[in-house]
There are 2 protein chains.
Amino acid sequence: MPLRTAFSEMNCSLARALDQMGDPWALLILRECLIGVERFDDFQQALGVARKVLADRLARLTTHGLLERVPLDGSGKRAAYRLTDKGHALVPALVAVMQWGDTWVSGSGREPVRLTGARGAVLAPVQLRTSQGKPVPPHQVRMAPGPGADRRTRGHLAQCAALQDAPGHHA
Amino acid sequence: MPLRTAFSEMNCSLARALDQMGDPWALLILRECLIGVERFDDFQQALGVARKVLADRLARLTTHGLLERVPLDGSGKRAAYRLTDKGHALVPALVAVMQWGDTWVSGSGREPVRLTGARGAVLAPVQLRTSQGKPVPPHQVRMAPGPGADRRTRGHLAQCAALQDAPGHHA
């Protein structure tokens, strides 16, 4: 086995996304960006993260295009980190994870933070829908080969579909 | 600084959720569960993950209640791993991450997998909405203290709100 598998090389958008999103620190940095934190020292203070780890994660998120680094003076030493379109596009996923944490870990009535839209309207729990707007319960979600499916992906999905249709399978 | 920060001890549902969800391997295991994989050897073959890592992640997901381990014979050695309600509840977040990876990493027309509902209806991109159903663009998402906010959370959110209202701030 290789010492570290390259998630970026898997033919899977989940694996590729996780590779670029990085570890929990990176996602907590994105959350801080969303509420207006921009400077290294402010991230450091808000998260209590080691400076070396913070510098690494900011560089990684910038390299992958989720953040842009905007110099604030001529020397280029002071800078603000801001969410790009690619970074903002990850917000629904962050919200979905946070809502799951509210419900299943923090618990109802103990949510540390309330998520709202621009004028204070509370966000509804993220719900899956078909392109026609029909709600899809999580246990009904299926996966079929997409346009980028390779032979391995096709074979695996066909095997899994056969498993799910087999008598005695729980689904 | 402590050697490893306990995300579970932060007063933040995102950090707490990430602590229980685990690393990319754990999330790829959940994806496999969703498409019907149940057995240790089948996870191993599908993901190409080291057996020790797989055993650790399955145990972790079971401990945190996202998977249940169902013995398949009297000896208890053969078992199936199945998503619990708590595990199924994480599916919208997994879908949101996968859709982001489709759009921003794999790229349009190269999606390895198509996500569908029960009868093959394609899933729409996850969209944030208020509880009245009004769409909320990602850059409009705000955070306010929730019922579980402690003094530190309140102070930090107040500081950030002031930052965002300050003249010259980008948001």
Side-chain angles (χ1 to χ4, degrees), chain A residues 1 7 11-14 16-18 20 24 31 35-36 46 50 82 86 88-93 95-98 100-102 104-106 109-114 116-118 121-124 126 128-131 136 138-144 146-149 153 156 160 163-164 170, chain B residues 1 7 11-14 16-18 20 24 31 35-36 46 50 82 86 88-93 95-98 100-102 104-106 109-114 116-118 121-124 126 128-131 136 138-144 146-149 153 156 160 163-164 170:
Chain A
M1 301 298 292
F7 291 108
N11 191 37
C12 168
S13 289
L14 179 61
R16 289 170 181 161
L18 294 169
Q20 293 203 0
R31 183 201 58 181
I35 58 175
R82 290 176 188 163
K86 183 175 176 178
H88 272 120
L90 194 56
V91 171
V95 166
V97 172
M98 198 181 298
W100 182 81
D102 277 342
W104 292 94
V105 192
S106 297
R110 290 187 296 275
E111 300 89 343
V113 162
R114 205 157 31 88
T116 70
V122 177
L123 291 193
V126 163
L128 299 177
R129 294 177 182 275
T130 66
S131 46
V136 177
H139 67 272
Q140 285 188 1
V141 173
R142 295 287 176 271
M143 297 187 198
T153 302
H156 180 49
C160 290
L163 267 180
Q164 287 188 315
H170 73 285
Chain B
M1 301 298 290
F7 291 107
N11 190 37
C12 168
S13 289
L14 179 60
R16 290 171 182 162
L18 295 168
Q20 293 203 2
R31 181 201 60 181
I35 59 176
R82 292 176 188 163
K86 183 175 176 178
H88 272 121
L90 194 56
V91 171
V95 166
V97 172
M98 197 180 298
W100 182 83
D102 277 341
W104 293 94
V105 192
S106 298
R110 290 188 295 277
E111 301 88 343
V113 162
R114 204 156 32 86
T116 71
V122 176
L123 291 193
V126 162
L128 300 177
R129 295 177 182 274
T130 66
S131 46
V136 177
H139 66 274
Q140 284 188 2
V141 173
R142 297 286 177 270
M143 297 187 199
T153 302
H156 180 50
C160 290
L163 267 179
Q164 287 188 316
H170 73 286

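Letters A, B, ... mirror the listed sequences (proteins, then strands); counts begin at 1.
Looking at B:Leu128, only its side chain comes within 4.5 Å of chain A, counting heavy atoms on both sides. For chain A, the nearby parts of B:Glu111 are the backbone and the side chain; heavy atoms of each come within less than 4.5 Å. Only the side chain of B:His156 comes within less than 4.5 Å of a heavy atom of chain A; its backbone N, CA, C and O stay farther away. In this structure, chain A has heavy atoms under 4.5 Å from both the backbone and the side chain of B:Val113.
Closest of all the heavy-atom pairs between A:Cys12 and B:Arg31 is SG-NH1, 2.5 Å. Nearest heavy-atom pair across B:Pro112 and A:Ser13 is CD-OG, 3.4 Å. Counting all heavy atoms, side chain and backbone alike, A:Val136 lies closest to B:Gly117 at CG1-CA, 3.9 Å. The two residues A:Thr130 and B:Ala121 make their nearest non-hydrogen contact at CG2-CB, 3.6 Å. The two residues B:Ser106 and A:Arg16 have their closest heavy-atom pair at OG-NH1, 2.5 Å.
The NE2 atom of A:His88 sits 10.5 Å away from the CD atom of B:Gln140 when rounded to the nearest 0.5 Å.
Taking chain A as the reference chain and counting heavy-atom pairs below 4.5 Å, the highest number among B:Asp102, B:Thr116, B:Asn11, B:Val105 is found for B:Thr116. Contact count against chain B (heavy-atom pairs under 4.5 Å) is highest for A:Ala144 among A:Ala144, A:Ser131, A:Gly101. For the set B:Leu123, B:Ile35, B:Thr153, the entry with the most heavy-atom pairs within less than 4.5 Å of chain A is B:Ile35. Contact count versus chain A (heavy atoms, under 4.5 Å) is highest, among B:Leu18, B:Val91, B:Leu14, for B:Leu14.
Looking at B:Trp100, its side chain does come within 3.5 Å of a backbone N or O of A:Lys86 through a donor-acceptor pair.
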